[in-house]
Protein chains: 6
Amino acid sequence: MIHVCRKEHFNAAHKLYNPRWSKEENEAVFGPCANENWHGHNFELIVTVKGNPDPNTGFVMDMKQLGALIKQHVIQKLDHKNLNLDVDFLEGKLPSCETLVVEIWKILEKELANITTAKLHRIQLWETHNNFVEYFGEQ
Amino acid sequence: MIHVCRKEHFNAAHKLYNPRWSKEENEAVFGPCANENWHGHNFELIVTVKGNPDPNTGFVMDMKQLGALIKQHVIQKLDHKNLNLDVDFLEGKLPSCETLVVEIWKILEKELANITTAKLHRIQLWETHNNFVEYFGEQ
Amino acid sequence: MIHVCRKEHFNAAHKLYNPRWSKEENEAVFGPCANENWHGHNFELIVTVKGNPDPNTGFVMDMKQLGALIKQHVIQKLDHKNLNLDVDFLEGKLPSCETLVVEIWKILEKELANITTAKLHRIQLWETHNNFVEYFGEQ
Amino acid sequence: MIHVCRKEHFNAAHKLYNPRWSKEENEAVFGPCANENWHGHNFELIVTVKGNPDPNTGFVMDMKQLGALIKQHVIQKLDHKNLNLDVDFLEGKLPSCETLVVEIWKILEKELANITTAKLHRIQLWETHNNFVEYFGEQ
Amino acid sequence: MIHVCRKEHFNAAHKLYNPRWSKEENEAVFGPCANENWHGHNFELIVTVKGNPDPNTGFVMDMKQLGALIKQHVIQKLDHKNLNLDVDFLEGKLPSCETLVVEIWKILEKELANITTAKLHRIQLWETHNNFVEYFGEQ
Amino acid sequence: MIHVCRKEHFNAAHKLYNPRWSKEENEAVFGPCANENWHGHNFELIVTVKGNPDPNTGFVMDMKQLGALIKQHVIQKLDHKNLNLDVDFLEGKLPSCETLVVEIWKILEKELANITTAKLHRIQLWETHNNFVEYFGEQ
């Protein structure tokens, strides 16, 4: 049982803003992250899958294939986008890092099941050099 | 003559979009960077000043003071902002990295002249891990 | 259940020196780390808390609030200090990374309990680019 | 119970090539990694051991000693080598990252048992900035 | 006059070996870098061009276009290759970093002249985290 | 004419404290850096030499040899030391980064002249992730 990890990047705009609250309430809770004109980040996404290596290839999963899957189903929907306005799987959700890793988990868990017996293990998302979140699919 | 360098950060949204062009022309030139709903970055700004050390302090310039000056006059205006909409010194300008370093140079050159004999030498701005620009104040 | 991680920094001096041993014994065990005139590091501290996101904010815990808590109760006591001489919670202890993460765990576990239902999960401390320790609160 | 982690480096050549397959099959599966003339990487290896600190030293294990052990038994055999041709413990194996972490685990688990009660916990190996694997010794 | 910088990557094998010398002489001069079975690196290439921004785009040169040019004319010839055997523009040359930056300069100076008035300013090549070279086209 | 650059590391304690001033004056000028019990850093030193490559080796200067020279004449005197108390070439000087790069320049310029025709070009010293200085030997 080995963990295989692949890093991908996307650049996106977002704001942290609860539409059921007033502007003042949003600013009190989210501070400058509530700026109605948006701000943005260079996000780094690290996806980990686990499984046993295939003796013919030495691979749990081809990391280039893993990278291509992440790009097709996640990065293309997020890169150079507005997370509040442009992303179907975030509609009606507050685009915090916590929300992002749960939604990315759902997408990749399903897509991986189509092509490999390796299992999704962890989604790690860096928003800045100092802030990141991790999700292991646990309820 | 020694160079003293200070790194600061800001997170901002922008789009690359020439308002005198059609949407199609903008997308042809700027690609996904023209997304009308914005995207964003974690920018890293490195400011270099040069001068001779003061024998009483060993400093060309106190790097904490340099950091405070950059925060007060540059970072506060850019961090968690929309570079196209929220920043007075970028009004009417295309907020490319090239534009940013020239405008930041103008601000810091003037502010530094008020407090030190050290001279501004270089503004370096990283937009992503792979893209950055440098400006030395040369016409 | 999501992990939220925050990185903070401090610069400190220390020496690895067991006061019950002779200088020769200390140098034999700790090598240059036993230099009686001290040496120092740029430490990087990554604190992880885990919990379920609040549906109103999308946050397990506001990472700025987490950062502020770490700064108030840990960084202010360690930054620009001598770990052998200046820090109340290290008195009488050998200031190795292992000691530091256990003591930082005790402080943050208690402080977090006052303000959040999220639980402290991991303290990671980097002493150099090549050396770091992790603590999960396990006995 | 604390985790102590040490990073070491090696630069090596390899190719991903199954000798039981034709050149065309290898290129179809491994792409440019199958280049018969080799390619190479700057590998980063992070070794984690876990245990309880010795009250006399504050150490689970002296990280310099851990570094020396890794250098003697692993890095010296891999650095500036060809992973397909020069390394006894990889003979007859496909030198993927997955293979490497399992073989490095076997070596270090045995060597650590000779000198410490701390237990090997994790082998992490970075092949590029974007690809890495982790192994915890699980079957 | 602004500098625009783009980072690209390639992974390659090489050896430092002067074919006019004996194996012993090569090992005496180049040490483990002379291993006849090759070793390899993750190279990082930073290309800087300088010029004045176009007022219509804010760009000295579109960094994506610069990246594409570097990939087409340099990276495709070096990535997953053997620098001693596979690269036409290195034939008969010792593939040190110094040689590489001079040959890359020649290629990019010519290709850039076809598409932009911006001038090549610097080629920086990182071989490891600790070793890099820079070339400014000076004789 | 090519620049060859080598990074080395040292961990040291220091304080910024002018012995001709009172404790209060030192704290007013240097803030927490004046802590009489010291603080410390992981310093990163990048040394650049310039010259023409030797056609027999492809090298301006062997980077391993450059690294060994820096270690012998600079790192050994600074690593795990107190910059105010333990270093002969800093005696009677305020150990700011500015002071360090000038003194390191003097040492390496002389030592390099004994073994190579390549010339010292730049000393770059990083004190933290955000602060660094550069010196080119200019008066």
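In what follows, every chain begins at residue 1, and chains take the letters A, B, ... in the order their sequences are listed.
Rounding to the nearest 0.5 angstrom, the gap separating the CE atom in F:Met63 from the OG1 atom in E:Thr128 is 7.5 Å. In this structure, OG in E:Ser96 is found 10.0 Å from CG in F:Asp54, a value given to the nearest 0.5 Å. The structure places OG1 of F:Thr48 at 6.0 Å from CD of E:Glu134, a figure rounded to the nearest 0.5 Å. Considering CG of F:Leu66 and CG of E:Asn130, their distance stands at 11.0 Å, rounded to 0.5 Å. A distance of 10.5 Å separates CD1 of F:Ile2 from CG of E:Leu125, quoted to the nearest 0.5 Å. Going from atom CG of E:Leu94 over to atom CZ of F:Phe59 covers 8.0 Å, rounded to the nearest 0.5 Å.
Only the side chain of F:Ile46 has a heavy atom closer than 4.5 Å to any heavy atom of chain E. The contact between F:Asn56 and chain E is made by backbone and side chain atoms together, counting heavy-atom distances below 4.5 Å. Heavy-atom distances place the side chain of F:Lys64, and not its backbone, under 4.5 Å from chain E. For chain F, the nearby parts of E:Phe30 are the backbone and the side chain; heavy atoms of each come within less than 4.5 Å.
The local environment of NZ in F:Lys119 is sparse, with at most 12 non-hydrogen atoms from other residues, nucleotides or ligands closer than 6.0 Å.
Considering all non-hydrogen atoms of both residues, E:Glu98 and F:Pro53 come closest at CB-CG, 4.1 Å.
The main-chain N or O of F:Arg6 is never found under 3.5 Å from a side-chain atom of E:Asn131 such that the two would form a donor-acceptor pair.
In terms of heavy-atom pairs under 4.5 Å with chain E, the best-connected choice from F:Val4, F:Thr57, F:Val60 is F:Thr57. Highest contact tally toward chain E, considering only F:Glu8, F:Met1, F:Lys7, is held by F:Lys7 [criterion: heavy-atom pairs under 4.5 Å].
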**Asked** Could you go step by step and tell me if F:His3 and E:Phe136 meet the ring pair (Phe, Tyr, Trp, His ring centres under 6.0 Å) rule?
**Response** CA-CA 9 Å; F:His3 293 185; E:Phe136 295 82; 5.2 Å; yes

